[in-house]
Amino acid sequence: MTNREIVEALVFSCSGVCHVDDIERILPGLGADEIEKIVDDLNRVYESTGRSFRIQRAASGYLFATKPEYAPFVRQLVSPVRLSNAALEVLAVIAYKGPCTRQTIDRIRGVDSSSSLKQLIRHQLVDVRGTKPMTYSTSKKFLEVFGLASLSDLPDITQFEEVFGDEACGGRDASGGQ
Amino acid sequence: MTNREIVEALVFSCSGVCHVDDIERILPGLGADEIEKIVDDLNRVYESTGRSFRIQRAASGYLFATKPEYAPFVRQLVSPVRLSNAALEVLAVIAYKGPCTRQTIDRIRGVDSSSSLKQLIRHQLVDVRGTKPMTYSTSKKFLEVFGLASLSDLPDITQFEEVFGDEACGGRDASGGQ
Amino acid sequence: MEEPVAVWDRGETPFVVSIQAFEGPLDLLLYLIERNRFTLQDVQVSPIVDQYLAYMERARRLDISLAGEFLDMASYLIWLKSRILLPKPEALQVEDESDPVQELRDMLVAYRAVKAAAGSLGARPMLYWDTFPRGADTDEREITRASIAPLLEAVAAIRLRTRKMVMDVMPKRYSLREIMAKIQSLFARRSRIRLLEAVEGMEKGSLIAALMAALEMSRLNMVRIAQKGLFAPIFLLKRAPVVHAAGSPEQGEDE
């Protein structure tokens with residue numbers, strides 16, 4: 001029995017993300033680099049044998065997922081999650097700005113964001129922290145859903161950062177007419 | 001895109017059994033016999049390429065499963081706690097209301113909660129105390145799982161009105177926050 | 001946002017469509033600025049304000065109910081324009097050093113960045129839309145992510161449901177058995193029906209009864225209930241006789 005087979009079995013049995021930590025715990029001696037190599041190997045096999053799924057990187061581990069071309073069929077079996085533009089905007093504010101209140105999100109977008117927030121919370125893409133005031137942050141599932149290893153994987157974060165700094169978005173409540 | 005690839009993608013995305021009915025619905029024109037042939041084909045490919053999983057026949061459909069020889073490894077994976085919405089409701093009542101009886105929970109929810117309670121006790125998220133009457137309270141594991149230091153970290157119910165309040169529940173979802 | 005460009009020039013009726021195309025007043029302002037070929041750095045405020053107000057006026061004439069934010073922005077813009085046009089009293093000038101045009105510009109710059117970021121997020125392949133993980137069909141929530149949000153939602157769900165129950169006292173009686181039989185007969189030809197198909201007329205009571213029948217059938221493992229999201233149509237999927245496979249054998253019976 002090879003490590004490759006076992007890694008495949010482990011990732012396969014997780015519905016959702018299989019954490020690298022868990023693989024290392026179950027197969028001591030196998031490092032993160034080797035696991036990555038094994039995953040690449042497996043994906044090559046899937047590609048060459050015409051499998052309709054592959055292993056993708058997700059947050060702190062790996063995840064088996066169907067390839068995009070089969071989505072029209074799978075969507076008929078599994079409730080798909082479609083985000084509105086408004087929800088994507090709210091998600092972008094939270095992802096780039098970090099934990100923030102609803103007031104901050106509303107101010108930056110210039111509109112009420114509660115129904116979008118609710119949608120994002122329902123899909124577990126946004127987490128709530130229960131202090132006063134309540135703040136919202138992106139969840140681990142957000143990383144999984146968008147195929148990111150961490151928030152720093154978001155493209156062009158520096159390009160957005162300058163306008164997201166407190167200078168640019170702070171203190172406009174009074175004059176902002178909202 | 002072949003039917004074989006699509007069938008593979010469909011069975012793959014089911015957590016349990018993928019019903020033959022569903023496959024027939026999504027791929028009209030494909031009969032049960034053909035589906036069976038496709039599954040046999042796929043299993044032959046898995047066998048010859050050394051995959052650690054295969055598709056099993058189940059009463060009304062098919063299901064993906066890892067091969068038995070990998071069970072000792074797969075068993076070491078900690079399966080994440082998954083709760084139904086009903087169980088989450090019961091948990092929320094106990095967390096907010098404090099130690100309470102099943103009668104109280106049923107009255108607040110307006111439905112019978114016994115099977116959800118069992119599920120929560122099995123996951124050790126709820127402790128049982130007292131005999132007559134039996135009362136239920138959240139456990140230490142509950143705090144761990146939800147990342148709380150104590151129950152007082154739960155947000156005040158009035159606080160999350162901003163997202164889950166009456167207005168937000170009024171169905172303005174489609175327009176996404178306007 | 002291409003479509004508003006087209007509809008703006010085509011007269012009033014298609015305009016109805018276009019207002020919905022904007023996420024909010026900032027989005028509309030960005031569109032107007034782009035349409036006038038201004039950059040954010042050298043926006044001429046007056047024409048933009050005039051066009052924004054013209055937009056609001058047309059919407060008002062067409063009796064479109066505008067979100068409050070659009071009207072708030074309109075009054076802000078009127079104030080802004082008056083401040084630009086009127087000579088400022090000396091005293092105020094010294095006291096208030098803020099530049100309202102710069103503030104508006106900052107607001108637009110920040111929002112434009114959010115829009116761009118949202119666009120780039122939306123362009124990524126998304127799990128549960130483009131790709132699906134193993135076992136994507138489960139309805140149960142994974143709670144090992146240290147988030148209390150599912151708990152808060154549960155509280156909201158209880159409140160919503162119990163309030164409804166108090167309100168909808170039904171004088172008419174419905175037979176669950178009858179409705180279940182009706183659902184069964186609908187299943188004779190199809191394996192998937194809309195819940196609404198089992199509803200007699202469109203009375204609320206009948207809808208509730210149908211839902212209860214569906215829940216009972218779900219409890220008996222005769223159907224699977226599927227809904228893509230809050231307020232989306234509810235579907236009933238025919239379920240074959242009980243199977244006990246590796247999946248999730250015990251869903252809460254009291255769902």
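Keep in mind it's a predicted model, so treat the numbers as computed, not measured. Chain letters run A, B, ... following the sequence lines, proteins first, then strands; residues in each count from 1. Atom set for the values below is all heavy atoms of this structure, side chains included, hydrogens, waters and symmetry mates excluded.
The salt bridge (Lys or Arg N to Asp or Glu O under 4.0 Å) check on Asp41(A) picks up Arg44(A), with sequence neighbours excluded.
Between Leu77(B) and Leu10(A), the shortest heavy-atom contact is CD1-O, 3.7 Å.
Within 6.0 Å of the CD atom in Glu47(B), the count of heavy atoms belonging to other residues, nucleotides or ligands does not exceed 12. More than 12 heavy atoms of other residues, nucleotides or ligands lie within 6.0 Å of CE in Met1(B), so this atom counts as buried by the packing criterion.
By a heavy-atom distance cut of under 4.5 Å, Gly50(A), Arg51(A), Ser52(A), Phe53(A), Phe64(A), Ala65(A), Thr66(A) are the residues of residues 50-67 of chain A near chain B, going up by number. Of all residues in residues 29-37 of chain A, none places a non-hydrogen atom less than 4.5 angstrom from a non-hydrogen atom of chain B.
The ring-ring contact (aromatic ring centres under 6.0 Å, His included) analysis of residues 122-144 of chain B, with sequence neighbours excluded, yields the pairs Phe142(B)-Phe146(B).
Of the listed residues (Ser13(B), Ala9(B), Cys18(B)), the greatest number of heavy-atom pairs within a distance under 4.5 Å of chain A belongs to Ala9(B).
Residues Phe12(B) and Val74(A) are not in side-chain contact: their nearest non-hydrogen atoms beyond the backbone lie 4.5 Å or more apart.
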Apply the test side-chain contact (heavy atoms from CB on, under 4.5 Å) to residues Tyr70(B) and Glu8(A): give CA-CA distance (whole Å), side-chain angles for both, the deciding distance (0.1 Å), then the verdict.
-> CA-CA 10 Å; Tyr70(B) 303 100; Glu8(A) 182 182 49; over 6 Å; no
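Contact of Leu42(A) with chain B is made through the side chain alone, with heavy-atom distances under 4.5 Å. Of the atoms belonging to Leu83(A), not a single heavy atom falls under 4.5 Å from chain B.
In this structure, CD1 on Ile23(A) lies 13.0 Å from CZ on Phe73(B), to the nearest 0.5 angstrom.
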